[in-house]
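The block underneath contains the structure these notes are about, expressed in structure tokens.
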Amino acid sequence: MSERTVKLVIDGREVFAKPTDTILKAAKDNGIYIPTLCYLEGLTAYGGCRLCVVEVKGNPKLMTSCTTPVSNNMEVITNSPRLNKYRKQIIELLLAERTHTCSVCVANGSCELQELATRFGVDHTSVSRNWKRFEIDMTHERFVLDHNRCILCTRCIRVCDEIEGVHVLDVKRRGKDSSIVIDLDEPWAASYSCTSCGKCSAVCPVGAIYVKLKPLSETKKKELPEFVVERRRR
Amino acid sequence: MKEVVIDPVTRIEGHAKVTIFLDEDDTVKEARFHVTDFRGFEKFCEGRPYYEMPSLTARTCGICPVSHLLASAKACDQIASVEVPEGGERLRRLMHFGQIIQSHALNFFYLSSPDLLLGMDSEPSKRNIFGLIKEHPEFARRGIMLRKFGQQIIERLSGKRIHSGEWIVPGGVRTPLTKEKCEMILNETPEALKMIQKTLDEFKNRIDKFREEIENFGNFPTYYLGLVSKDGLLEHYDGFIRVVGPKGEIVADKLDPKKYFEYIGEAVEPWSYMKFPYYKPVGYPMGVYRVGPLARLNIVTKCGTPYADKELREYKKFGENGVVESTFLYHYARLIEILYSIEKVKEMLEDQKVLDENVQAKSYTCRSEGIGVAEAPRGTLIHHYKVDRDGKITWANMIIATENNNLAYNMAITQVAKKYVRGKRLTEGILNRVEAVIRAFDPCLSCATHAWGEMPLTIHLYDHRGREVDRLIQD
């Protein structure tokens with residue numbers, strides 16, 4: 001086990017971290033909040049959503065704290081008007097891209113996007129909404145994939161690949177046309193590889209993959225990947 | 001032909017205008033009630049999972065979301081092939097009584113009482129709930145308290161006062177009623193009962209002052225349609241459709257609500273976004289029927305609770321053969337229904353069965369079609385969905401309580417206009433009388449068009465050449 005040998009400054013506070021830690025981990029261990037969305041403890045971080053960006057002194061670029069390792073004498077700012085402006089814009093763009101209607105959503109009250117929008121005061125979107133209509137996959141006996149609510153965080157893909165180990169899910173197309181696919185873009189019920197384990201629905205931050213007829217608050221298990229990884233180490 | 005237009009109509013739920021057409025000799029020929037907004041729920045719900053429908057369609061209305069939730073959930077029960085456990089049905093009924101109490105209190109105390117207590121011709125800027133609070137504070141307080149009582153039943157059951165779509169779900173309801181909340185509601189019922197009885201007494205004492213309104217506000221024969229229980233008692237949640245004719249005769253009984261399309265037709269007119277349902281055996285436009293409190297009390301043999309039944313007997317004296325014709329008496333019927341609902345709430349809560357914890361049946365099965373019918377505060381409400389094999393909505397049709405009365409609105413405003421409009425000039429008092437008859441029905445136009453909008457009214461007056469000769473706006 002490595003020791004906490006790296007000394008860095010986060011928001012003016014001197015903290016110590018392990019050499020293998022990311023900025024996000026160091027901040028979290030020291031009770032400093034950094035917003036995240038695609039990141040989930042136990043899964044490989046990939047820095048997709050950019051909500052966890054921070055300022056690092058001496059670097060003109062913003063860095064994703066979930067993928068940037070700590071280094072000695074690093075000076076990090078997690079909260080500034082510039083950062084919050086970008087975070088707010090990201091949330092607005094996510095809300096504008098698909099049809100997010102909280103009031104009738106299965107995730108209402110336990111949605112991470114909704115929670116972030118509330119935290120950052122996003123009460124409208126400054127860009128017009130896309131309103132594109134996606135076909136819902138309801139073919140599976142227990143689960144539903146509603147692309148209209150998907151934010152393409154890829155948590156489901158990673159949990160299916162890294163924790164369940166089957167890699168049923170993936171992404172097709174690029175940019176705003178991207179969407180989650182099952183096997184080779186087949187209806188869920190036709191999937192040969194899906195084990196119906198439900199981990200995808202347990203980690204979905206929004207209401208895109210959910211258990212039929214159940215509110216997300218009853219089925220969400222955000223800590224599941226971390227728990228499984230910890231068990232496997234034993 | 002000349003034309004008068006009231007645009008927009010005020011103190012109603014939704015957006016509307018009225019046009020009055022005059023003959024060459026300036027007498028009223030016809031009046032039309034136009035609903036001017038469009039929302040398109042039936043279309044945008046296509047492609048959504050069926051179990052989202054209660055939540056989605058409840059958004060047609062913030063006043064009677066519970067009725068939409070119930071009609072929708074009942075349609076979904078059929079799609080999911082489940083039978084709701086008794087405990088779940090009991091709580092759905094209990095919440096609906098809360099809905100009826102709060103909605104009727106809203107119409108009577110907030111929207112209609114300013115006309116009744118302050119006068120049809122009183123100062124328009126004060127003829128509202130605030131004017132009422134100033135002139136009759138105790139009366140206004142009663143209205144607020146009764147509405148609160150109803151709203152709190154909804155909140156105590158579901159955790160939310162409006163749009164409890166996460167609680168009323170296909171197969172029943174999400175959570176049982178706790179003993180503590182049961183007692184909280186029960187403790188408030190005696191006071192609520194007293195308040196409505198006092199209001200009824202006051203209304204009856206003043207009723208002689210409204211002889212003119214009773215005579216002229218939509219006083220005409222129609223058919224009456226609504227749900228009754230299997231014993232012919234007042235019913236708001238389930239049961240059979242009964243149709244009573246203009247002379248009080250039962251023309252159809254024990255009709256299956258799921259076969260509504262066999263006896264209710266839907267006509268469309270180019271001048272309104274609200275459809276024109278009619279009683280099919282009689283045809284369009286002669287098959288005019290009314291729904292809502294007046295119609296419900298006209299079709300039942302009894303209410304089924306002691307105080308309400310006593311009031312019903314007195315109420316029936318205003319009609320012949322058990323049928324009360326004047327639209328103005330919707331107000332009276334509404335008060336009796338509040339009384340009935342409070343009595344039923346008390347009766348249900350005094351029975352320990354209300355605490356039954358078995359409240360939801362679960363199923364993933366999908367039938368291809370479901371039809372849910374309930375008696376909303378404003379009348380018979382129908383939700384009809386078709387789904388594909390996975391349970392996605394492919395087609396939806398909703399007949400909203402308010403729509404059922406559409407033909408009757410036009411008859412009623414024509415009657416009022418014929419009585420009060422003289423020549424080419426409009427006065428504010430005339431405008432308000434036309435609006436008042438609409439208010440008596442308690443239309444909810446945001447529901448009826450499944451439309452979006454504010455709620456003011458405008459009247460336009462057109463001469464026989466189609467020129468606008470006068471216009472009055474109230475907002």
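Computation of the quantities below employed the complete heavy-atom set of this structure, encompassing side-chain atoms and omitting hydrogens, waters and symmetry-equivalent molecules.
- Taking OG of S55(B) as the reference point, atom CG of N108(A) lies at 8.5 Å (rounded to 0.5 Å).
- Looking at heavy atoms from C-beta onward, M53(B) lies out of side-chain contact with V104(A) at the 4.5 angstrom threshold.
- Other residues, nucleotides and ligands contribute over 12 non-hydrogen atoms within 6.0 Å of the NZ atom of K160(B).
- Residues R133(A) and G47(B) come closest through the heavy atom pair NH2-N, 4.3 Å.
- In the displayed structure, K386(B) atom NZ is contacted under 6.0 Å by more than 12 heavy atoms of other residues, nucleotides or ligands.
- A 4.5 Å side-chain heavy-atom check between V144(A) and Y51(B) finds at least one atom pair inside the cut-off.
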Take E52(B) and R149(A) through the salt bridge (Lys or Arg N to Asp or Glu O under 4.0 Å) test and state the conclusion after the steps.
CA-CA 14 Å; E52(B) 276 183 11; R149(A) 296 171 182 157; 2.6 Å; yes
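- Sparse packing is recorded around CZ of F227(A), with 12 or fewer heavy atoms of other residues, nucleotides or ligands lying under 6.0 Å away.
- A salt bridge is absent between D137(A) and K392(B); no separation between the charged side-chain nitrogens and carboxylate oxygens falls under 4.0 Å.
- The shortest side-chain heavy-atom distance between R59(B) and S103(A) falls under the 4.5 Å cut-off.
- Contact of the E218(A) side chain with the R174(B) side chain is registered, since non-hydrogen atoms from C-beta on lie closer than 4.5 Å.
- Remark: E86(B) CD is loosely packed, at most 12 non-hydrogen atoms of other residues, nucleotides or ligands lying under 6.0 Å away.
- No more than 12 heavy-atom neighbours from other residues, nucleotides or ligands sit within 6.0 angstrom of CZ on R389(B).
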Output, in order, the C-alpha distance, side-chain angles, deciding distance and verdict of side chain to side chain contact (heavy atoms under 4.5 Å, CB included) for L213(A) and Q360(B).
CA-CA 11 Å; L213(A) 299 170; Q360(B) 192 189 357; 5.8 Å; no
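- Between atom SG of residue C105(A) and atom CD of residue E166(B) there is a gap of 9.5 Å, rounded to the nearest 0.5 Å.
- Note: K212(A) NZ to D390(B) CG = 6.5 Å, rounded to the nearest 0.5 Å.
- For T101(A), no part lies near chain B; criterion is any non-hydrogen pair under 4.5 Å.
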